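Notes to accompany the following structure.
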Amino acid sequence: MSFRQTWEGGNGNSFISTLDGRTKLSILFLYAILMIVVDNARTLFVLFTLTLIFHFLGKTPLHRWKILSVFLLMGLWGSISSQALFFAQNPRTPLLMLISPDFPVLGTLTKGLYIYKEGIIYGAIQGMRTVSMISLGLLVCWTSDPRNLLKALREWHLSPQASFMLVTAIRFFPILAAEAGEVMTTLQLRSNSTGGRHQVIRHVPYMLKPLMARCLRRSQTLSLSVTSRGLFLAKEQKGDLWQWKEKYACLILFLFTLSVGLGKLLYGLSLKGIYIGAFRFVYDWAKLYL
């Protein structure tokens, strides 16, 4: 399996792959709003679990599950560890002291370094938001042909320049990974070295220049291709029909997201003193699940 095949998406035979590009982008956008609005750890965990279920429906292969797990663990662990050490809000409960305030130099500078209970919880919530969007974003990239995403953006009347740049950004990472693999192989052959982590790390400082040269060459080729084909001057063509089932599914998710946002807003206003008795069930629902 090549680097480019590992990262690049395409049209597959799974249920997720057959969805319209507009459906995928709509779900991704509405999911991002939910990640911002929801603060409850259990609800965030349920939403994160849904993204993993989507990966099963999308028939994500094993090698991509390994990549996904690395991204998820790094995102979640980084958020939890940073907030556990540097949580600045009060109240906060120290669980473990790493550096005593009486320790020379470092103790004076940091006034003690602790692991805080509230920081772990807050970091887990923030990390759950991050890994949920990473999981769903990778799913969209792995199960979508970039041309379908470009077509979806054009059918939403987004400017050709903005649509093209967004899709190019999606295609850039697989191409960059493939170029990096070729450069690494070339460096290993020139140095007559075998594979292994030590050899890969040794060649990393020498990858920057050839990798930048390859990227610039590809950028020049891409710009000439876009100019010669008149992509930005082409007239808008009639797009494919958006299936009513997918459209209704997006509408239901939009209404659910809107109700979550309104419930959160009403609950926030009640905390500020603007309380309406008829909305008590909304306040209870928002307090328990949002």
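Just the heavy atoms: all of them, side chains too, but no hydrogens, waters or symmetry mates, feed the values below. Bear in mind the structure is a predicted one, so any value in this text is a computation, not a measurement. In what follows, residues are counted from 1 in the order of the sequence shown.
- No path of Ile, Leu, Val, Met, Phe, Trp and Tyr side chains, each step under 4.5 Å between heavy atoms, connects Val260 with Ile36, placing them in separate hydrophobic clusters.
- When the side chains of ILVMFWY residues are joined at heavy-atom separations under 4.5 Å, either directly or via intervening members, Leu255 and Leu28 end up in a single hydrophobic cluster.
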Worksheet item: Phe281 and Trp285: ring pair (Phe, Tyr, Trp, His ring centres under 6.0 Å), yes or no, with the steps?
Response: CA-CA 6 Å; Phe281 72 97; Trp285 173 67; 8.6 Å; no
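- The side-chain heavy atoms of Thr143 and Lys24, taken from C-beta on, include a pair separated by under 4.5 Å.
- Note: the hydrophobic cluster containing Ile125 does not contain Val46 (ILVMFWY, side chain heavy atoms under 4.5 Å, direct or indirect links).
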Applying side-chain contact (heavy atoms from CB on, under 4.5 Å), run through Val282 and Tyr267 and close with a yes or a no. CA-CA 7 Å; Val282 177; Tyr267 179 69; over 6 Å; no
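- Two residues are said to be in side-chain contact when any heavy atoms from C-beta on lie closer than 4.5 Å; Lys66 and Val70 fail this criterion.
- Ser82 OG to Gln126 CD: the interatomic distance, rounded to the nearest 0.5 Å, is 9.5 Å.
- Taking the side chain as every heavy atom from C-beta outward, Phe256 and Leu30 never approach each other to under 4.5 Å.
- Annotation for Trp65: atom CH2 counts as buried by contact number, over 12 foreign heavy atoms lying within 6.0 Å.
- Residues Phe56 and Thr60 fail the side-chain proximity criterion, which asks for heavy atoms closer than 4.5 Å.
- Atom OH in Tyr283 sits 15.0 Å away from atom CG in Leu288 (nearest 0.5 Å).
- At least one side-chain heavy atom of Ile27 sits less than 4.5 Å from a side-chain heavy atom of Leu253.
- Hydrophobic clustering (ILVMFWY, side-chain heavy atoms < 4.5 Å, transitive): Met74 and Leu138 are in distinct clusters.
- A distance-only check finds no donor-acceptor pair linking the side chain of Arg22 to the backbone of Glu246 [under 3.5 Å].
- Counting only distance, with no hydrogens or angles, the side chain of Gln83 and the backbone of Ile121 share no donor-acceptor pair below 3.5 Å.
- Counting heavy atoms from C-beta outward, Asn40 and Lys287 have side chains that stay 4.5 Å or more apart.
- Put simply, the side chain of Phe48 reaches to within 4.5 Å of the side chain of Leu72, judged on heavy atoms.
- Across Ser26 and Cys250, no two heavy atoms sit closer than the pair CB-SG, 3.8 Å.
- Within 6.0 Å of CZ on Phe254 lie no more than 12 heavy atoms contributed by other residues, nucleotides or ligands.
- Atom NZ of Lys59 sits about 10.0 Å away from atom CG of Leu57, to the nearest 0.5 Å.
- Atom NZ of Lys245 is separated from atom OG1 of Thr23 by 13.0 Å, given to the nearest 0.5 angstrom.
- To the nearest 0.5 Å, atom NZ of residue Lys247 and atom CD1 of residue Ile252 are 14.0 Å apart.
- Nearest approach of Ser79 to Gly123, heavy atoms of both residues: OG-O, 2.7 Å.
- By the 4.5 Å heavy-atom criterion applied to side chains, Ile134 and Phe71 are counted as neighbours.
- For residues 258-277, the set of pairs meeting the salt bridge (charged side-chain N to carboxylate O under 4.0 Å, His left out) definition, not counting sequence neighbours, comprises Asp39-Lys264.
- Follow the hydrophobic side-chain contacts under 4.5 Å out from Met128 and you never reach Trp77; the two are in separate clusters.
- Of the listed residues (Thr51, Thr49, Leu50, Leu47), just one forms a side-chain contact (heavy atoms from CB on, under 4.5 Å) with Ser135, and that residue is Thr51.
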